[in-house]
Each structure stands twice: as C-alpha cells, then as structure tokens.
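Report on the structure given below.
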Protein chains: 2
Amino acid sequence: MTDVPVYQKIKREMLARIQAGEWKPGEVIPGEQALSESFGCARVTVNRALRELAEQGLVERKRKAGTIVAQRHARAESFTITLVKDEVESRGSEYGYRLLDRRIEKPNASIAQRLNIGTAKKALHVRCLHFADGRPFQLEDRWINLDVVPKAKTEPFDVEGPNGWLVERVPYTDAEHVLSAVNATAEDADLLGIEAGDALFRIERRTWLQSGVVTTVSLSHPGRDFRLQSRST
Amino acid sequence: MTDVPVYQKIKREMLARIQAGEWKPGEVIPGEQALSESFGCARVTVNRALRELAEQGLVERKRKAGTIVAQRHARAESFTITLVKDEVESRGSEYGYRLLDRRIEKPNASIAQRLNIGTAKKALHVRCLHFADGRPFQLEDRWINLDVVPKAKTEPFDVEGPNGWLVERVPYTDAEHVLSAVNATAEDADLLGIEAGDALFRIERRTWLQSGVVTTVSLSHPGRDFRLQSRST
DNA sequence: CAGTGGTCTAGACCACACT
DNA sequence: GTGTGGTCTAGACCACTGA
C-alpha cells in the first residue's frame with residue numbers, strides 16, 4: 001500500500017498543489033533544494049519528480065529562473081506508432097503487401113523542400129499498399145533521399161515495404177510526425193477500396209539522420225478502420 | 001561539443017548496437033551492472049539511459065529477466081493536446097465560444113458504458129462550439145458524471161466551455177485519448193460550417209478520478225484546419 | 001532462492017542565464 | 001557574479017519474478 005515510490009508521491013503532491021491553486025500558472029515554485037528539505041528526501045528525488053512533470057508538460061524549467069507552473073493547460077500524450085505489419089498482425093489479421101510503383105524521379109517543389117534537396121535532384125519515389133486480411137489497410141506514398149540512403153537505389157521493394165526495410169537498415173536521429181484527417185481523392189479511394197470522399201486518417205512522417213532528411217512518407221488509412229489510442233496516468 | 005550528457009551518449013551507443021544488429025530483437029542485453037562497468041560509469045547512469053529507451057518503446061525491461069530489445073519496431077510519439085482556447089490563440093486567432101445545449105438527461109447505452117454508470121442514472125450533457133476568428137474550429141460533445149462532479153450541476157457553461165472549467169477545478173488521475181478520422185454528418189457540417197461528408201479529425205477523451213469516470217468528450221475539428229504534430233530526437 | 005531492475009541517498013561539479 | 005537546474009557517482013536496500 002505504502003510502497004509507492006517517493007518520487008511519485010511527490011509528483012502527486014505537487015499536482016495537488018497546482019490543482020488546488022496553491023501554485024498558480026506562471027508562478028515560480030520553490031527550488032529543488034528547498035523542496036527536498038520540506039519533503040525530507042534527496043534532491044535527486046525531487047529532480048526526478050519535476051523532470052517527469054516537465055515531460056508531461058505541467059511545469060516548465062529553466063536554469064537560474066527556476067521552475068514555473070505551465071501557463072497552458074497542456075499535457076503531452078504519448079501514442080505508439082507501430083510498423084504496419086505489426087499493427088495488422090496485432091489485430092489478428094493476415095498481413096499483405098503490394099508494390100504499386102517505384103521510380104527514381106524528380107520531386108515536385110513541395111516534396112523537394114521536405115527532403116531538403118533541390119528540385120533538379122532525383123529521389124526514390126515508392127508507392128505501395130498494405131493489406132489486412134486482403135483488405136487495403138494503408139496506402140503508403142514515400143520519398144527516399146538517395147544521398148543519405150544510396151543502397152535503396154537497387155532495392156526493388158517488391159516483397160517487403162520500404163517502411164520495414166528502412167527501419168531495419170537505416171538509423172535516424174530525429175523524427176517528425178503530423179496527424180491529420182482528409183477526404184480520399186478518387187485515386188486514393190480506388191486503391192483503398194472505399195468511396196471517394198471517405199475520411200482518411202493520415203500520418204505523415206519525416207526522419208533525419210543528423211542534418212540530412214532520410215525519408216518522408218504519407219500513410220493513409222480508411223477512417224473506419226484506424227484509430228490511435230493512448231492511456232496515461 | 002563533447003559535453004553531451006553521458007546517459008545520452010550511452011543511449012546513442014545502445015541504439016547503434018541495436019541498429020547494427022549487434023543486439024537483436026528479443027535478445028537479452030547485458031545487465032546494468034555489466035554495462036556500467038563496460039561504459040565506465042555509475043549504474044544509475046546506465047539505468048537512466050535504459051529507462052528512457054524503454055519509455056520510447058525500444059527495449060522492454062523485466063526484473064530478473066533482464067532487458068530485451070523490443071520485438072516490434074514501435075516508437076512512442078508524444079503529441080501535445082492543448083485546451084482549445086490556447087490552441088486557437090497560439091495560432092494568433094481570436095477565440096470565441098458558444099453554448100449549443102446543456103441538459104441533464106439519461107445517456108444512451110454507449111455513453112452510459114463510457115461513463116461507467118447505469119442507463120437509468122442522469123448525467124450532464126453539454127454541446128458547444130469553439131471558434132477561431134469567428135469560424136467554427138471545434139465541436140464539443142461532452143458528458144459529465146454528476147456523481148463525481150456534483151458542482152457541475154449548477155454551472156451554466158454559458159460563457160466558458162466545460163473543458164476549461166473542468167481542467168481548472170476537477171483533478172484527474174487517468175486519461176484516455178482516441179484519435180480518429182470520420183466524415184461529418186449533416187448536423188456536424190451545419191454546425192461547423194462545412195459540407196456534409198467533409199473529413200473531421202476527432203479526439204475522444206475520457207478522464208478518471210481514481211476509479212470513477214469524470215467525463216467523456218468528443219472533440220471534432222474540420223480536417224483542413226487541424227493537425228497534431230510531434231518532433232522527437 | 002537469487003539475480004535483475006527500481007529506487008533512494010548524500011555529496012559533488014558544472015553550465016547556463018539572469019542580475 | 002551567483003543561484004538554479006542538469007548530471008554524475010558510489011554505495012545501498014528492496015521488490016519482483018524467473019528458475
């Protein structure tokens with residue numbers, strides 16, 4: 001009963017103080033030193049509690065300035081984005097894959113900008129479909145920067161999607177994700193076996209290796225089959 | 001240049017080993033004790049590196065069994081879900097609010113289940129609109145459990161939305177979020193000033209205070225105006 | 001039962017950012 | 001300058017869980 005870790009107790013206590021209005025948004029709260037004394041524990045323990053609250057977006061920390069209660073009531077929620085194959089199989093469905101096209105071509109201005117290369121430069125463009133029990137589950141439209149991943153040049157991607165291939169072979173240091181809802185174009189609908197205009201849940205991802213963009217991809221899922229879920233405490 | 005924290009260097013090194021195939025998925029990696037010796041640092045430092053990798057979903061840790069490289073290539077991505085008002089204002093737009101209806105009524109079976117109350121029990125049902133520069137930005141459809149939040153019974157919600165009201169007054173211990181893409185119904189479209197069938201980005205949230213459900217809400221945004229973004233390293 | 005990770009402590013040094 | 005958070009260490013105890 002009482003073997004809840006000390007740093008968690010402290011987190012709860014501090015949460016309670018924030019919610020009780022004892023510590024107001026924008027206000028500086030006592031320093032780690034002072035808190036550790038009042039809680040009767042080591043400073044590192046208070047530090048961990050505060051660090052986790054900061055990760056969750058409830059407080060903001062700055063050296064010298066101290067820790068302040070976050071102005072905006074925002075909490076960071078964590079969603080797990082899995083590889084399609086795992087996602088499909090975790091639902092108990094059979095995974096399927098089909099390559100649509102694979103071309104080395106010049107990207108348009110928008111894609112070139114996303115890849116951070118010139119429009120004169122060619123890149124690898126792959127489009128493919130992922131199935132769950134034979135039903136289209138995800139439409140993948142990907143561009144790969146051949147400067148960063150030259151070995152992709154000779155990879156046919158006919159039996160394995162570029163997603164898994166990249167994950168297993170190319171490391172990345174940074175990632176960006178954008179989630180959105182869009183209406184399916186006629187082409188999207190045709191490929192996904194749905195009606196034009198149906199809602200799509202789209203995940204756009206870009207990954208970097210140091211300062212170079214590795215790949216940028218758009219993953220579209222029929223809205224009725226896809227959702228992202230998170231649960232936090 | 002070289003003042004990167006040790007635990008981060010260790011994280012990178014371990015990431016590299018995983019990506020190089022030196023440590024394979026499902027395989028047990030050396031224990032913290034052994035690693036700290038080989039890295040020439042304290043065990044706590046290795047512990048922090050591994051804890052963070054586990055939070056990101058790259059490894060799984062079990063007592064006694066040790067640490068294994070995660071089977072599924074999954075990474076947890078963190079998205080920040082802000083209060084509508086802050087979201088609108090952070091875009092430099094003017095925030096507006098309008099209450100649509102507020103009733104104390106019996107929920108249908110689905111909602112009753114979500115609130116974890118019987119269908120005979122009444123709950124507070126609030127629907128309202130949030131605007132950005134006069135344009136509908138979010139349609140909120142909320143149910144509040146009056147057993148847990150009795151003081152909501154007398155709150156009119158005519159000038160402030162229930163979202164902000166709850167955040168400031170009612171603490172919660174657990175939260176669940178579900179993100180999805182749906183097509184707007186005729187009613188949704190009418191209220192949001194869009195066409196029926198247009199894609200909506202929907203956030204469904206449920207919060208608990210200990211074991212009781214505080215509230216469940218559906219937040220719908222016109223797809224063309226809304227996206228969630230994350231950036232991680 | 002025994003090994004592994006989870007947590008805690010007391011003390012320390014340092015970088016940063018405000019004054 | 002100087003105080004605050006960021007990080008690190010060496011050593012310790014404990015809970016969990018697989019063998």
Side-chain angles (χ1 to χ4, degrees), chain A residues 1-15 17-18 23-71 76 78 232-233, chain B residues 1-15 17-18 23-71 76 78 232-233:
Chain A
M1 188 70 188
T2 49
D3 63 341
V4 179
V6 177
Y7 76 93
Q8 283 194 17
K9 284 187 196 163
I10 294 178
K11 271 174 76 174
R12 286 187 198 173
E13 171 60 24
M14 296 197 284
L15 261 174
R17 289 190 192 174
I18 290 170
W23 289 348
K24 296 187 174 61
E27 222 175 74
V28 179
I29 68 174
E32 296 188 353
Q33 185 74 47
L35 286 171
S36 66
E37 281 164 21
S38 77
F39 283 123
C41 68
R43 186 170 78 94
V44 193
T45 307
V46 172
N47 178 274
R48 176 159 182 190
L50 283 170
R51 183 172 9 107
E52 295 196 358
L53 286 178
E55 276 166 10
Q56 289 172 38
L58 286 146
V59 300
E60 291 168 13
R61 321 197 70 194
K62 278 183 200 158
R63 289 176 147 118
K64 171 66 180 178
T67 300
I68 63 173
V69 178
Q71 299 275 1
S78 190
S232 67
T233 302
Chain B
M1 188 69 189
T2 48
D3 63 340
V4 179
V6 178
Y7 76 93
Q8 282 195 18
K9 283 188 197 162
I10 294 178
K11 271 174 77 174
R12 285 188 201 172
E13 170 61 24
M14 295 197 286
L15 260 175
R17 289 189 192 174
I18 290 170
W23 288 348
K24 296 187 174 60
E27 222 175 75
V28 179
I29 68 175
E32 295 188 354
Q33 185 72 49
L35 286 171
S36 66
E37 281 164 21
S38 76
F39 284 124
C41 69
R43 186 169 77 93
V44 193
T45 306
V46 172
N47 178 274
R48 177 161 181 189
L50 283 170
R51 181 169 15 103
E52 295 196 358
L53 286 178
E55 277 165 10
Q56 288 171 39
L58 285 145
V59 300
E60 290 168 13
R61 320 197 70 193
K62 277 183 200 157
R63 289 176 148 111
K64 170 67 179 177
T67 301
I68 64 174
V69 178
Q71 299 274 1
S78 190
S232 67
T233 301

Rounded to the nearest angstrom, tell me the gap between atom CD in Glu60(A) and atom C1' in dG6(D).
17 Å

Please determine, for the side chain of Glu32(A), which listed nucleotide (dG5(D), dT17(D), dC8(C)) has the closest atom?
dG5(D)

Taking a pair as Watson-Crick or G-U wobble with both distances under 3.5 Å, which nucleotide is matched to dT19(C)?
none

Taken to the nearest whole Å, NZ/Lys62(A) to C1'/dA15(C) is 16 Å

Calculate the interatomic distance between Ile68(A) atom CD1 and dA17(C) atom P; express it in whole Å.
15 Å

Can you check side-chain contact (heavy atoms from CB on, under 4.5 Å) on Met14(A) and Ile10(A), steps first, answer last?
CA-CA 6 Å; Met14(A) 296 197 284; Ile10(A) 294 178; 3.5 Å; yes

Under 4.0 Å between any heavy atoms, over every strand shown, what does Arg43(B) touch: base, sugar-phosphate, or nothing? Just pick one.
base

Please give, in whole Å, the distance from dT9(C) P to Arg48(A) CZ?
12 Å

Identify which nucleotide among dG5(C), dG6(D), dC18(C) has an atom closest to any side-chain atom of Asn47(A), counting heavy atoms from C-beta outward.
dG6(D)

Could you tell me whether the phosphate oxygens of dT4(C), OP1 or OP2, come under 4.0 Å of any side-chain nitrogen or oxygen in Thr67(B)?
no

Rounded to whole Å, how long is the line connecting atom CD of Glu55(A) with atom P of dG5(D)?
16 Å

Ranking dA15(C), dC8(D), dC8(C) by distance to the side chain of Arg63(A), first place goes to dA15(C)

For a side chain to side chain contact (heavy atoms under 4.5 Å, CB included) with Tyr7(B), tell me which candidate from Leu50(B), Thr45(B), Asn47(B) qualifies.
Thr45(B)

Does Arg12(A), at its CZ atom, have more than 12 non-hydrogen atoms belonging to other residues, nucleotides or ligands within less than 6.0 Å?
no

How far apart are the C-alpha atoms of Cys41(B) and Val46(B), what are their side-chain angles, what is the distance that settles it, and do they pass the side-chain contact (heavy atoms from CB on, under 4.5 Å) test?
CA-CA 8 Å; Cys41(B) 69; Val46(B) 172; 3.8 Å; yes

Just N and O in the side chain of Thr45(B): are any of them under 4.0 Å from OP1 or OP2 of dT7(D)?
no

Between Lys64(A) and Cys41(B), name the one whose nearest nucleotide on DNA chain D is closer to the 5' end.
Lys64(A)

Could you state the OH-C1' distance from Tyr7(A) to dT9(C), rounded to the nearest angstrom?
16 Å

For DNA chain C, determine which residues of residues 33-40 of chain B have any heavy atom closer than 4.0 angstrom to one of its atoms, and list them numerically.
none

Nearest-nucleotide check on DNA chain C, Ile29(B) vs Ala42(A); residue mapping nearer the 5' end is Ile29(B)

Separation of dT7(C) C1' from Arg51(B) CZ (nearest whole Å):
9 Å

In whole angstrom, what separates Arg61(A)'s CZ from dC16(C)'s P?
17 Å

